[in-house]
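Have a look at the structure below, then the notes.
Since the model is a prediction, treat every value here as computed from it, not as a measurement.
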Amino acid sequence: MTKRSAMKTITLGEREIREAVTMSEAIDAVRRGFVDLAGGAFEMPTRTVLRDGRFLVMSVHHRPTASAMIKTLSLNFERKPAIAGTVVWSETGRLDHLVADAGTVTALRTGAAVGVATDLLAAPEAGRLTLIGAGGQAPDQVRAVHAVRPLRRLTVVDADPRRAQALVEALGPELEGVELRTEADAESAVQGAEIVCCATNATSPLFPESALPAKVHVNAIGAYRPTMRELPDELLAASTVVVDQLDAVLEESGEIIHALESGAITKNALTELGTALTATSADHGKRTVFKTVGVAVQDWALARLLAEKFLP
């Protein structure tokens, strides 16, 4: 009788993930994932959204490697951590599986996508970042931008000044030589920025378009439901707009949906990140915006990195 091999499941928590994956590695992995997405290498259904975004299920299959990732999570912004769940990695070529903490993977992959977009779209000399929102996603937003555009100044804005100050103090050891500031007003904080990251659960724009400099790159990661908005229509209308995936933002991004319905932009004005990465020219204009609601390819990219490191 043939003896059946035992299946192993490797389970990784936050500490193991953070120790194993650097932000630069995550950015490179996510960049490759988006290029593969543009090339048609993935089978990726629209994510399942339950209880108005409180529960999410995301899945994806990478055809060339016969690998798949499924992420399930719950969100509660009144809970710490706000994101809880699991990322499961599997391949047809082996029995072993990997299960990773979804909160940590989500923070890393969201930061990594912002790093990819910032590296592509921000001015080469950009080094002044304004971050709006000091929640769980915020640290990796800063780390990702710093990895591709070394910071000279970081300004953090949050509705709770104590939370903004706590974030600045926590990141201080990682940002030696960077001027660290907090501000209470988002409109004034973006006026001198070269890069802006929005990581909030806002339902209306965080600042007017007129507050921004003529040359700036804006990342918006917080609004992931049609009822949420971080950016004004006027900014989207006046900028080169890159999105993670067209179908995803048309379904879930409040600012994209609102700008389309108001006539401020058309679908033809939206470029997917994978397409932008493979374009011949990197000249994207004086104002650029990257809007992401998060797609499963990003989680797959992080899970693949972990599988390469932890599965025999």
Pairs meeting criterion side chain to side chain donor-acceptor pair (under 3.5 Å) with involvement of residues 98-117, two or more places apart: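 Every side chain to side chain donor-acceptor pair (under 3.5 Å) pair that includes a residue of residues 98-117, provided the two are not neighbours, is Lys71-Thr106, Asp101-Thr104, Arg109-Asp299.
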Any pair counted as side chain to side chain donor-acceptor pair (under 3.5 Å), so long as it reaches residues 261-271, sequence neighbours left out: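 As it turns out, the side chain to side chain donor-acceptor pair (under 3.5 Å) pairs with a partner in residues 261-271, which skip direct neighbours, are Asp233-Ser262.
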Cationic N near anionic O, under 4.0 Å, Asp96 to Arg94: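 Looking at Arg94 together with Asp96, the answer is no, because their closest N to O distance does not fall below 4.0 Å.
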Derivation of the side chain to side chain contact (heavy atoms under 4.5 Å, CB included) call for Thr155 and Arg153: CA-CA 7 Å; Thr155 303; Arg153 187 179 79 192; 3.9 Å; yes
How close do [X] and [Y] get, counting heavy atoms only, and between which atoms?
{"X": "Phe290", "Y": "Ala113", "result": "CE2-O, 3.8 Å"}
{"X": "Leu273", "Y": "Leu120", "result": "CD1-CD2, 4.1 Å"}
{"X": "Ile27", "Y": "Gly115", "result": "CD1-CA, 4.1 Å"}
{"X": "Gly111", "Y": "Ala144", "result": "O-CB, 2.9 Å"}
{"X": "Pro213", "Y": "Ala193", "result": "CG-O, 3.2 Å"}
{"X": "Ala102", "Y": "Val87", "result": "CA-CG2, 4.0 Å"}

Working to the nearest 0.5 Å, report the span between [atom1] of [X] and [atom2] of [Y].
{"X": "Met58", "Y": "Thr48", "atom1": "CE", "atom2": "OG1", "result": "10.5 Å"}
{"X": "Leu206", "Y": "Arg229", "atom1": "CG", "atom2": "CZ", "result": "10.0 Å"}
{"X": "Arg225", "Y": "Ser253", "atom1": "CZ", "atom2": "OG", "result": "11.0 Å"}
{"X": "Leu171", "Y": "Leu154", "atom1": "CG", "atom2": "CG", "result": "7.0 Å"}
{"X": "Leu95", "Y": "Ser90", "atom1": "CG", "atom2": "OG", "result": "11.0 Å"}
{"X": "Leu75", "Y": "Asp52", "atom1": "CG", "atom2": "CG", "result": "11.0 Å"}

Intermediate values then yes/no, side chain to side chain contact (heavy atoms under 4.5 Å, CB included), Ile195 and Val216: CA-CA 6 Å; Ile195 303 168; Val216 66; 6.0 Å; no
Less than 4.5 Å apart, any side-chain heavy atom of [X] and any of [Y]?
{"X": "Phe310", "Y": "Leu12", "value": "yes"}
{"X": "Ile10", "Y": "Leu311", "value": "yes"}
{"X": "Thr203", "Y": "Thr227", "value": "no"}
{"X": "Val35", "Y": "Thr278", "value": "yes"}
{"X": "Val57", "Y": "Arg47", "value": "no"}
{"X": "Cys198", "Y": "Leu231", "value": "yes"}
{"X": "Thr9", "Y": "Leu98", "value": "no"}
{"X": "Arg287", "Y": "Leu212", "value": "yes"}

Expected output: side-chain [X] to main-chain [Y] donor-acceptor under 3.5 Å:
{"X": "Asp244", "Y": "Gly294", "answer": "yes"}
{"X": "Lys291", "Y": "Leu236", "answer": "no"}
{"X": "Glu169", "Y": "Ala166", "answer": "no"}
{"X": "Arg79", "Y": "Pro81", "answer": "yes"}
{"X": "Gln298", "Y": "Val295", "answer": "yes"}

Is there a path of hydrophobic side-chain contacts, each under 4.5 Å between heavy atoms of I, L, V, M, F, W or Y residues, that connects [X] with [Y]?
{"X": "Met23", "Y": "Val148", "value": "yes"}
{"X": "Leu260", "Y": "Leu246", "value": "yes"}
{"X": "Leu73", "Y": "Trp89", "value": "no"}
{"X": "Val168", "Y": "Val196", "value": "no"}
{"X": "Leu305", "Y": "Leu108", "value": "yes"}

Does [X] have any side-chain hydrogen bond (donor to acceptor under 3.5 Å, both in side chains) partners at least two apart in sequence or in another chain, and if so, which?
{"X": "Glu230", "value": "Thr200"}
{"X": "Asn201", "value": "none"}
{"X": "Arg51", "value": "none"}

Atom pairs and distances, donor-acceptor, side-chain atoms in residues 177-184, under 3.5 Å, two or more places apart:
unit_1	atom_1	unit_2	atom_2	d
Arg181	NH2	Glu183	OE2	2.9
Glu183	OE1	Ser188	OG	3.0

Criterion side chain to side chain contact (heavy atoms under 4.5 Å, CB included) on Ser59 and Ile70, from CA distance to verdict: CA-CA 4 Å; Ser59 59; Ile70 298 176; 4.0 Å; yes
Salt bridge (charged side-chain N to carboxylate O under 4.0 Å, His left out) pairs, two or more places apart, involving residues 303-312: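 Applying salt bridge (charged side-chain N to carboxylate O under 4.0 Å, His left out) to every pair that reaches into residues 303-312, excluding sequence neighbours, yields Glu25-Lys309, Arg304-Glu308.
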Of all pairs that satisfy salt bridge (charged side-chain N to carboxylate O under 4.0 Å, His left out), the ones with a partner from residues 126-152, not counting sequence neighbours: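 For residues 126-152: Arg18-Asp140, Asp119-Arg149, Arg128-Glu194, Asp140-Arg143, Arg143-Glu174, Arg152-Glu194.
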Residues which pass salt bridge (Lys or Arg N to Asp or Glu O under 4.0 Å) with Glu125, listed by chain and number, not counting sequence neighbours: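 By the salt bridge (Lys or Arg N to Asp or Glu O under 4.0 Å) rule, Glu125 matches Lys215.
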Which side-chain N or O atoms in residues 129-139 pair as donor and acceptor under 3.5 Å with protein atoms at least two apart or in another chain?
unit_1	atom_1	unit_2	atom_2	d
Thr130	OG1	Ala189	O	2.8

Candidate pair Val114 and Ile221, rule side chain to side chain contact (heavy atoms under 4.5 Å, CB included), full reasoning: CA-CA 8 Å; Val114 162; Ile221 72 151; 3.5 Å; yes
Glu251 CD: over 12 foreign heavy atoms closer than 6.0 Å: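 No, the 6.0 Å shell around CD holds no more than 12 heavy atoms from other groups.
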Residue pairs fulfilling ring-ring contact (aromatic ring centres under 6.0 Å, His included) with at least one residue in residues 205-232, sequence neighbours excluded: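 Of all non-adjacent pairs touching residues 205-232, none passes ring-ring contact (aromatic ring centres under 6.0 Å, His included).
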Counterpart residues, ring-ring contact (aromatic ring centres under 6.0 Å, His included), relative to His62 (two or more places apart):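 Here the qualifying residues are Phe42, Trp300.
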